[in-house]
Amino acid sequence: MNVKLSLGCAMVLVSYISTASAEDCGALKEQARQATGQQKVELWQQSINECPSSNLMYLHYQHGLALITTGNFDEALNAFKKADNNGVGNDRNYYTTKIAVLGRQAQMHLKLEQRVEALAALKSASKLAKEEQITIPDWLLAVQKYNDDAITNKPFTAAEINRLLATTKAFGVEPALDYQITFEFDSATMTPEGKALLQKVIESLQGITTSLSVVGHTDTKGDANYNQTLSEKRAIAIKNALVAKIPSLANQLTPLGKGESEPKYNSGTSDDDQRNRRVEFVFAVK
């Protein structure tokens with residue numbers, strides 16, 4: 001009995017020592033905000049250890065940001081995953097932080113050359129932002145565009161596509177790949193650059209057994225009905241080109257057109273218009 005009582009008292013004492021007061025936690029977090037380098041990393045870790053009643057999602061997120069500045073990308077990714085796992089809430093501030101956490105996960109995955117996981121995290125962040133009507137921050141838009149360009153310059157392999165199906169399912173998002181396959185102006189005829197990119201995409205689809213939709217998208221310029229028809233014609237052109245190279249895909253492909261109804265970027269710049277003119281390959285989840 002005495003031993004149990006002593007152990008209980010010791011546990012209470014340890015808890016008391018390791019838990020800072022609200023005032024001390026506030027001072028500690030302010031110190032962490034002002035610090036730089038490794039000291040910043042250590043102070044945010046101390047805040048996590050000593051302020052368990054604080055917003056742990058925020059603390060782990062700040063710890064991850066500090067780790068980025070010291071080049072510890074693996075550790076930063078783990079910190080952002082902990083932030084995600086410790087997130088609690090349903091207000092706008094929670095969802096805004098959640099979007100940032102997912103965006104930083106994607107950023108770290110890209111640093112670590114894990115682009116399947118990066119794409120899944122980016123899709124999850126975009127989905128949440130759309131559902132909660134929250135504006136995506138500029139830094140996250142930059143990460144998305146960097147990823148867009150990387151995928152267009154080096155299309156996913158068949159092995160990456162198969163991993164994408166499982167990874168996006170875990171994130172609760174649609175397994176899809178966007179490619180900026182270009183067409184002649186107001187035409188369903190691909191440019192030479194568009195044909196070259198499609199050839200790389202065709203190579204990645206060799207051996208794919210799942211069905212998929214080929215979805216054409218336009219920018220928001222011009223008449224909506226015209227853009228809808230144009231996107232459908234371009235989707236059909238892509239399907240025909242794919243089947244010509246891989247006849248076995250004939251019964252797996254469904255061409256669709258979304259016109260200007262689902263722009264990926266909304267700033268209205270010429271760069272965003274170009275990015276919105278895209279072909280999306282949406283894979284069926286088994």
Side-chain angles (χ1 to χ4, degrees), residues 68 73 76-77 80 99-100 102-130 135-165 167-168 171 173-185 190-205 212-221 231 234-235 237-238 241-242 258 260 262-283:
I68 290 176
F73 303 130
L77 176 58
F80 295 130
I99 290 165
L102 290 167
R104 295 299 182 187
Q105 285 185 41
Q107 190 178 39
M108 293 305 96
H109 281 304
L110 288 172
K111 288 282 188 182
L112 297 168
E113 299 184 356
Q114 300 165 347
R115 60 186 193 155
V116 172
E117 292 78 8
L119 180 59
L122 286 171
K123 285 185 174 296
S124 185
S126 296
K127 178 184 176 183
L128 185 58
K130 183 176 181 180
T135 301
I136 295 175
D138 289 342
W139 67 263
L140 182 48
L141 286 175
V143 173
Q144 286 183 323
K145 291 179 179 181
Y146 174 88
N147 193 56
D148 287 346
D149 294 341
I151 291 174
T152 291
N153 291 332
K154 185 181 178 182
F156 271 30
T157 65
E160 286 177 313
I161 290 172
N162 285 323
R163 280 178 50 218
L164 182 69
L165 298 180
T167 305
T168 50
F171 275 84
V173 293
E174 187 175 59
L177 288 167
D178 287 337
Y179 291 114
Q180 295 171 44
I181 297 173
T182 53
F183 291 81
E184 301 292 351
F185 181 70
M190 282 177 278
T191 64
E193 295 80 8
K195 291 178 181 178
L197 174 55
L198 182 60
Q199 181 56 45
K200 294 180 182 178
V201 174
I202 288 171
E203 292 171 7
S204 74
L205 295 177
L212 63 150
S213 299
V214 180
V215 186
H217 297 269
T218 70
D219 59 28
T220 57
K221 307 295 184 184
S231 69
R234 288 178 173 176
I238 294 292
L242 288 171
K258 294 293 183 71
E260 61 182 60
E262 294 182 7
K264 192 170 183 179
Y265 300 100
N266 296 302
S267 73
T269 65
S270 58
D271 178 67
D272 282 1
D273 285 340
Q274 179 180 338
R275 292 177 184 280
N276 288 333
R277 296 191 292 269
R278 66 197 193 279
V279 178
E280 187 179 24
F281 293 82
V282 183
F283 298 87

Could you walk me through whether Arg234 and Val279 pass the side chain to side chain contact (heavy atoms under 4.5 Å, CB included) check? CA-CA 8 Å; Arg234 288 178 173 176; Val279 178; 5.7 Å; no
Start with the C-alpha distance between Tyr179 and Leu198, add both sets of side-chain angles, then the distance that settles side chain to side chain contact (heavy atoms under 4.5 Å, CB included), and finish with yes or no. CA-CA 9 Å; Tyr179 291 114; Leu198 182 60; over 6 Å; no
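Not a single side chain to side chain contact (heavy atoms under 4.5 Å, CB included) links Thr135 to another residue, sequence neighbours left out.
No option in Val143, Leu102, Val173, Ile136 other than Val143 meets the side-chain contact (heavy atoms from CB on, under 4.5 Å) test with Leu122.
Electrostatic pairing of Asp148 and Arg278 does not count as a salt bridge here, judged by no charged N lying under 4.0 Å from a carboxylate O. Using a 4.0 Å cut-off between charged nitrogen and carboxylate oxygen, Arg275 and Asp149 count as a salt-bridge pair. At a threshold of 4.0 Å, the pair Glu117-Arg163 counts as salt-bridged, since one of the basic side-chain nitrogens sits closer than that to a carboxylate oxygen.
Side-chain contact of Gln107 with Arg104: a donor-acceptor pair under 3.5 Å is present, judged by distance alone. For His217 and Glu280, the side-chain atoms include at least one donor-acceptor pair closer than 3.5 Å.
Heavy-atom contacts from other residues, nucleotides or ligands closer than 6.0 Å to NZ of Lys145 number more than 12.
Residues Lys123 and Phe171 fail the side-chain proximity criterion, which asks for heavy atoms closer than 4.5 Å.
Closest non-hydrogen pair, Lys200 versus Pro155, comes out as CB-CG, 3.7 Å.
Looking only at distances, no side-chain donor or acceptor of Ser124 sits under 3.5 Å from a matching main-chain atom of Ala120.
Within the model, atoms CG of Asn276 and CD of Gln180 stand 9.5 Å from one another, a figure rounded to the nearest 0.5 Å.
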